[in-house]
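Just so we're clear, the structure is a prediction, and the values are computed from it rather than from any experiment. Chain letters run A, B, ... following the sequence lines, proteins first, then strands; residues in each count from 1.
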Amino acid sequence: MAPKFFNTLTRTLEEFKPINGNSVGMYTCGPTVYGPAHIGNFRAYVFEDILRRYLKYKGYSVKQVMNLTDIDDKTIRDSQAAGISLDEHTKKFKDQFFKDIDRLNIERAELYPEATKHIPEMVILVQKLLDNGHAYYSGGSFYFKISTFPKYGALFHMDIESLKAGARIDNDEYEKETASDFAIWKGWSERDGDVYWETELGKGRPGWHIECSAMSMKYLGEHFDIHTGGVDNIFPHHENEIAQSEGATGKKFVNYWLHNAHLLVENRKMARRDNNFYTLEDLVKMGHNPVAVRYLLLSTHYRQQLNFTFEGLEGAKNAITRLRDFKLNVESAKIGPESSAVKDSIEKAVTEFEAGLDDDLNISPTLASVFDFVREINAIVAEQGLSESNKKKVIDTLKRFDSVLGVIYATEDQIDERVEKLINERIAAKKIRDFKKADQIRADLLSEGIILEDTATGTVWKRKL
RNA sequence: GGCGGCUUAGCCAAGUGGUAAGGCAGAGGUCUGCAAAACCUCUAUUCUCCGGUUCAAAUCCGGAAGCCGCCUCCA
């Protein structure tokens with residue numbers, strides 16, 4: 001069965017069909033690297049990660065492109081304030097970004113193009129728009145003329161007229177013909193300092209939206225499958241991307257637009273501008289596990305607002321602990337008879353797991369299927385153990401589920417020789433019923449964050465989350 | 001003001017006409033040298049409120065209240 005996704009463009013659930021057979025091209029709007037991303041930002045990247053992982057699970061080959069916006073008003077402003085070059089400034093946050101996505105067990109996209117490395121492509125795009133009458137020059141800058149693009153507003157389902165009426169007209173020193181026109185190339189101004197490119201369009205820098213049109217089309221073609229981002233990107237960013245891209249090519253730009261809802265904190269949108277955000281680093285410093293953050297972010301449907309609380313984070317940690325304990329429990333299960341109940345349980349779990357995700361990545365029934373599976377298999381393990389082949393099938397199923405969820409096998413844990421030796425010493429102590437020593441070793445290791453559990457088939461260790 | 005969404009147990013959250021999934025937290029029990037894990041049992045007569053339709057409503061219709069997001073560079 002093909003998955004169904006809610007397409008912002010049509011506001012309906014649509015069956016997913018790639019343009020080219022089994023290959024999926026997806027463009028996921030990435031970070032503006034002017035500061036560390038906060039966990040609200042990561043909600044988007046975790047959602048996109050689940051999307052790409054599930055598409056792969058379903059057998060599609062995925063080419064994901066995520067941009068790094070390393071040139072815009074804020075990166076310029078902040079690098080100047082810090083007294084360092086734009087590159088130096090953004091490098092720091094690019095590195096931080098990759099460190100964070102690794103810690104969140106977010107799979108790497110196939111490509112992370114940087115805006116500053118694609119100026120020529122953007123210039124060409126602007127020229128195309130000038131050639132076919134969608135853009136104009138004014139006061140050193142170039143603008144997209146939305147009155148030439150009748151479809152404008154199709155994505156966010158708003159009337160352009162209401163925009164004009166809608167108060168908030170921008171400041172700036174750029175001279176647009178119509179307030180709702182947007183800059184595709186900004187002529188150099190003094191406040192840009194040494195940040196500019198000398199191009200056929202003159203001295204200046206790209207507008208924000210143009211980078212995504214240029215880079216997505218360069219790497220995914222002029223017409224591709226999926227484009228995602230936070231709901232706040234629907235307008236103006238994605239609306240403008242459509243206008244620029246389709247204005248330039250005359251082709252349909254993207255088939256499926258998927259947008260995730262915001263992360264809230266104290267029931268308000270988490271946003272840097274409101275100064276009510278947590279970075280991943282903040283939470284790690286408080287002693288929280290990044291994978292718990294991942295679970296928290298993925299455990300609510302992506303189109304539903306999610307209120308961040310520490311109580312929720314604690315719950316997420318405990319949920320993962322149960323899943324990881326299940327893995328240990330199965331691995332250390334005593335040998336038992338072949339059971340058809342195991343097969344039945346696997347079959348049911350897989351069916352429900354996929355049914356949930358096929359339904360617009362409806363994660364709740366999917367997680368329910370995993371926990372039902374855990375309980376059913378645990379009961380069999382407790383009662384009669386597992387046959388070797390059953391054990392392998394259960395582990396394979398768990399790995400398959402985790403290829404999407406990414407919370408169980410997220411870390412490749414190792415223990416060093418010293419710890420291994422202590423564990424063996426404790427086993428020996430237990431054998432001669434020296435429980436005092438055994439308990440001491442267990443307590444010592446616990447203080448290092450290593451938990452020992454005695455099972456039917458021996459002692460297993462795990463790391464405290 | 002315009003557009004969209006949300007309101008289900010202490011917390012999170014499925015469920016779109018047939019009598020409330022799942023997770024976390026909590027209580028009791030079994031097992032265990034002790035722990036832990038695991039298993040078993042229990043924890044919403046009820047889904048923001050008020051009307052209506054129906055044999056039957058958390059689900060459909062009408063109304064009210066509360067909350068959130070977007071409305072020009074924020075994921």
Item to complete: Tell me yes or no: between the side chains of A:E14 and A:T10, is some donor less than 3.5 Å from an acceptor?
Response: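 Yes, because at least one side-chain N or O of A:E14 sits under 3.5 Å from a partner of the opposite role on A:T10.
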
Output one line per pair: protein atom, nucleotide atom from nucleotides 10-13 of chain B, and distance, for all N/O pairs under 3.5 Å.
unit_1, atom_1, unit_2, atom_2, d
B:A13, O2', A:S364, OG, 2.8

Whole-Å C1' distance, B:U7 and B:A64: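 Pairwise C1' distance, B:U7 against B:A64, rounds to 14 Å.
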
If I pick the P atom on B:C49 and the same atom on B:U54, what distance separates them, to the nearest angstrom?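 Taking atom P in both B:U54 and B:C49, they lie 23 Å apart.
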
**Request:** Look at the aromatic rings of A:F156 and A:F235 and report parallel, tilted or perpendicular, splitting at 30° and 60°.
**Result:**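 Correct class here is parallel.
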
Would you call the rings of A:F253 and A:W257 parallel, tilted or perpendicular if under 30° counts as parallel and over 60° as perpendicular?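 It falls in the tilted class, 30° to 60°.
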
Measuring to OP1 and OP2 of [N], would you say a side-chain N or O of [X] lies under 4.0 angstrom away?
{"X": "A:R43", "N": "B:A75", "value": "no"}
{"X": "A:N318", "N": "B:A25", "value": "yes"}
{"X": "A:K269", "N": "B:C70", "value": "yes"}
{"X": "A:R268", "N": "B:G69", "value": "yes"}

Of the nucleotides B:A75, B:C68, B:A21, which has the atom closest to the A:N267 side chain?
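Nearest to the side chain of A:N267 among the choices is B:C68.
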
Touch check for [X], heavy atoms < 4.0 angstrom, all strands: base, sugar-phosphate only, or nothing?
{"X": "A:K430", "answer": "base"}
{"X": "A:H262", "answer": "base"}
{"X": "A:F371", "answer": "sugar-phosphate"}
{"X": "A:R77", "answer": "nothing"}

Could one point to a donor on the side chain of [X] or the base of [N] with an acceptor on the other under 3.5 Å away?
{"X": "A:R442", "N": "B:A35", "value": "yes"}
{"X": "A:D439", "N": "B:G33", "value": "yes"}
{"X": "A:K186", "N": "B:C73", "value": "yes"}
{"X": "A:K74", "N": "B:C73", "value": "no"}

message: Both A:N240 and A:A271 contact RNA chain B. Which one's nearest nucleotide lies toward the 5' end?
response: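 Mapping each residue to its closest nucleotide by heavy atoms, the 5'-most match is A:N240.
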
Pairs under 3.5 angstrom, nitrogen or oxygen only, protein versus nucleotides 38-42 of chain B, please.
unit_1, atom_1, unit_2, atom_2, d
B:A38, OP1, A:R322, NH1, 3.0
B:A38, O3', A:N378, ND2, 3.2
B:C39, OP1, A:R322, NH2, 3.3
B:C39, OP1, A:N378, ND2, 3.3
B:C39, OP2, A:R322, NH1, 3.4

| task | Strictly below 4.0 Å, heavy-atom distances to any atom of RNA chain B: list the hits from residues 444-462 of chain A, or just say none. | result |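 Residues of residues 444-462 of chain A under 4.0 Å from RNA chain B: A:L452, A:E453, A:D454.
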
Within 45° of the six-membered ring axis of A:F6 and under 6.0 Å from that ring's centre, is NZ or CZ of A:R303 located there?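 Cation-pi check for A:R303 and A:F6: passes.
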
With a 6.0 Å cut-off (strictly less than), is the heavy-atom count around NZ of A:K94, excluding the residue itself, greater than 12?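 Check passes, neighbour count above 12.
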
